[in-house]
Amino acid sequence: MTDDRAHVDAHPSAAPTARGRLVDLSHTITEGLVTYPGLPAPVITPHLTREASAANYAPGTRFAIDALTLVGNTGTYLDSPYHRYADGTDLAGLSLDTLVDLPAEVFHVADATSRGVPAAVFHDRDLTGRAVLIHTGWDRHFGTPEYADRAPFLTEAGVRYLIDQGVVLVGIDSLNVDDTEPEAHGTRPAHSLLLAAGIHVVEHLTGLGSLPPSGARFTAVPPKIRGFGTFPVRAFALI
């Protein structure tokens, strides 16, 4: 596996703007990166090299055109309803209103003693219309074998509570929003319930520890692809 720990351990890039500070919440995609065990790593190949392009342009003018082969579940990515349901909304059908500049509620549970994040964690805040971001601290293992071993997840009770509260998006800095261990028997209640309700899921976030519990604005936009359910995003927050 590609070791991305240097990216995780460093402070996430933060750029001051006239509106506030931008915090990058995405992992860097590199050739050979394994995001989810068992899925193929991305492959980058040249379609047109700079050397070959020189024949087509004026002296000193060169371009590179590269091909990228990857599965949608690579790096930090967003799941649309189509990922789980054949008749669900695909990436091309997602409204920008549900992806851009969302008020974010961040729940810092990195010190939790249980892997499953319970509903009680969310009880003290107004979550209607919000992006709920769950900071488990598990991103510290990203790119290592430990990342896939007994990772934190969102419990079904927690999922049902978030749906009842009318959240727009749920993000987590862990391997999966669901429990992927063998004892879960392949059930995926978080994906099944959230995506059935039209609530987007963003997995493999990083740097959530630098966000305040409330007040940040969250954005994660995938390409507009018809008939596709999951794709990497550049996720970020404005503080």
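Numbering starts at 1 and runs along the sequence shown. The analysis underlying the following values was restricted to heavy atoms, covering all of them including side chains, and did not include hydrogens, waters or symmetry mates. Computed from a prediction, not measured in an experiment: that's the story for all the values here.
Contact annotation: the side chain of Val168 never approaches that of Ile199 to less than 4.5 Å [non-hydrogen atoms, C-beta and beyond]. Looking at Val117 and Phe153, their side chains never come closer than 4.5 Å, going by heavy atoms from C-beta outward.
Phe231 CZ to Asn73 CG: the interatomic distance, rounded to the nearest 0.5 Å, is 11.0 Å.
Residue pairs meeting the side chain to side chain donor-acceptor pair (under 3.5 Å) criterion with at least one partner in residues 155-173, sequence neighbours excluded, are Thr136-Asp173, Glu156-Arg160. Among residues at least two apart or in separate chains, salt bridge (Lys or Arg N to Asp or Glu O under 4.0 Å) pairs with a member in residues 70-97 are Asp90-Arg226. Here side chain to side chain donor-acceptor pair (under 3.5 Å) pairs that include residues 110-121, with residues two or more places apart or in two chains, are Arg115-Asp179. Here ring-ring contact (aromatic ring centres under 6.0 Å, His included) pairs that include residues 162-186, with residues two or more places apart or in two chains, number zero. For the salt bridge (Lys or Arg N to Asp or Glu O under 4.0 Å) condition, no pair includes a residue of residues 39-68, sequence neighbours left out. Residue pairs satisfying the salt bridge (Lys or Arg N to Asp or Glu O under 4.0 Å) criterion with at least one member in residues 202-223, sequence neighbours excluded, are listed as follows: Asp101-Arg217. Pairs passing the side chain to side chain donor-acceptor pair (under 3.5 Å) check and including a residue from residues 116-129, sequence neighbours excluded, read Glu105-Arg125, Asp126-Thr128.
Shown here are the side-chain contact (heavy atoms from CB on, under 4.5 Å) partners of Pro40, two or more places apart in sequence or in another chain: Val71. Here Phe107 pairs with Phe122 under the ring-ring contact (aromatic ring centres under 6.0 Å, His included) rule; sequence neighbours left out. With sequence neighbours left out, the ring-ring contact (aromatic ring centres under 6.0 Å, His included) criterion links Tyr77 to His204. Partners of Ile29 according to the side-chain contact (heavy atoms from CB on, under 4.5 Å) rule, which considers only residues two or more places apart in sequence or in another chain, are Pro42, Thr74, Pro232.
Residue Phe63 belongs to a hydrophobic cluster whose other members are Tyr57, with links defined by side-chain heavy atoms closer than 4.5 Å.
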